[in-house]
Amino acid sequence: MDHSAHHTSPTHDHATHEGHHSHSGHAVPDGGHGGASWATAAKATLHCLTGCAIGEILGMVIGTALMWGNVPTMVLAITLAFVFGYSFTLFAVRRAGLDLKTAIKVALAADTVSIAVMELVDNGIIALTPGAMDAHLSDGLFWSALLGGFAVAFLITTPVNKWMIGRGKGHAVVHAYH
């Protein structure tokens with residue numbers, strides 16, 4: 001199928017073409033939907049991890065400073081992880097010329113699964129590490145559980161991103177705008 005006629009606008013909405021099978025003209029890394037390199041997947045995961053880490057740490061600091069309990073602090077941290085994770089992609093695709101509505105769609109398509117897996121793993125590790133939920137920001141246990149959780153989340157999320165990018169999903173959606 002020839003897509004060249006409708007790829008002239010920077011506001012083209014790739015989400016409306018999910019049913020198409022031949023996208024040879026799209027900028028999907030590593031030669032199309034057949035696969036993605038580990039390096040591409042690792043870069044996408046690091047991009048996602050950066051936003052998640054900023055949001056999560058900020059949420060933990062705010063919740064602790066306000067003397068909130070564990071649950072509201074964790075909810076704030078997870079919420080901010082999604083906000084910062086999405087915003088990194090949102091700003092990048094807006095700079096590439098996408099209108100706000102399309103940029104939001106691209107950010108949601110690119111990052112939702114990656115952020116969700118990362119947050120599930122990271123927060124699961126923190127919740128399951130004895131004493132980590134009650135540790136304070138000045139405690140080594142807090143930081144080792146958090147950073148250890150990020151490391152394990154990176155290791156688990158990278159293959160997920162590799163699989164998604166290889167199928168033209170996840171961060172592959174963003175690559176069409178770089």
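A chain of hydrophobic side-chain contacts below 4.5 Å, direct or via other Ile, Leu, Val, Met, Phe, Trp or Tyr residues, connects Leu76 to Leu66. There is a path of hydrophobic side-chain contacts, each under 4.5 Å, that joins Leu46 to Met118. One hydrophobic cluster, built from ILVMFWY side chains closer than 4.5 Å, cannot hold both Val106 and Met164; they sit in different ones. Residue Leu147 is grouped with residue Phe142 when hydrophobic side chains (ILVMFWY) are merged at heavy-atom distances under 4.5 angstrom, including chains of intermediate members. Residues Leu49 and Ile78 share a single hydrophobic cluster, defined by chaining ILVMFWY side chains whose heavy atoms lie under 4.5 Å apart.
Atoms OG and CD1, from Ser87 and Ile54 in turn, are 8.0 Å apart once rounded to the nearest 0.5 Å. Atoms CG and NZ, on Leu100 and Lys105 in that order, are 11.5 Å from each other to the nearest 0.5 Å. We find the CD1-NZ distance between Ile165 and Lys169 to be 13.0 Å, quoted to the nearest 0.5 Å. For the atom pair CZ of Arg95 and CG of Leu90, the computed distance is 10.5 Å after rounding to the nearest 0.5 Å. The structure places OG1 of Thr89 at 7.0 Å from CD1 of Ile115, a figure rounded to the nearest 0.5 Å. Annotation: the span from Thr157 atom OG1 to Phe150 atom CZ amounts to 11.5 Å, rounded to 0.5 Å.
Considering only heavy atoms from C-beta on, Phe82 stays 4.5 Å or farther from Cys52 through its side chain. Contact check for Lys162 versus Thr45: no side-chain heavy atoms found under the 4.5 Å cut-off. A 4.5 Å side-chain heavy-atom check between His171 and Asn161 finds every atom pair outside the cut-off.
Between Met133 and Asn70, the shortest heavy-atom contact is O-OD1, 2.8 Å. The two residues Val93 and Ala103 come nearest to each other via the heavy atoms CG2-CB, 3.6 Å. For Ala110 against Val174, the heavy-atom pair with the smallest separation is CB-CG2, 3.3 Å. Considering all non-hydrogen atoms of both residues, Thr50 and Phe88 come closest at CG2-CE2, 3.4 Å.
Checking side-chain atoms of Asp139 against main-chain N and O of Ala135 turns up no donor-acceptor pair under 3.5 Å. Side chain of Thr158 to backbone of Phe154: a donor-acceptor contact under 3.5 angstrom is found. Judged by distance alone, the side chain of Thr40 and the main-chain N or O of Ala36 form no donor-acceptor pair under 3.5 Å.
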**Verdict with reasoning, Asp99 to Thr102, per side-chain hydrogen bond (donor to acceptor under 3.5 Å, both in side chains)** = CA-CA 6 Å; Asp99 63 277; Thr102 304; 2.8 Å; yes
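In this view, Asp122 satisfies the side chain to side chain donor-acceptor pair (under 3.5 Å) rule with no residue, not counting sequence neighbours. Residues passing the side chain to side chain contact (heavy atoms under 4.5 Å, CB included) test with Ile156, sequence neighbours excluded: Val117, Val121, Val152.
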Under 3.5 Å, which donor-acceptor pairs do the side chains of residues 56-64 form with other protein atoms, sequence neighbours left out?
unit_1	atom_1	unit_2	atom_2	d
Thr64	OG1	Met60	O	2.7

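Asp111 and His47 share no donor-acceptor pair across their side chains, judged by distance under 3.5 Å alone.
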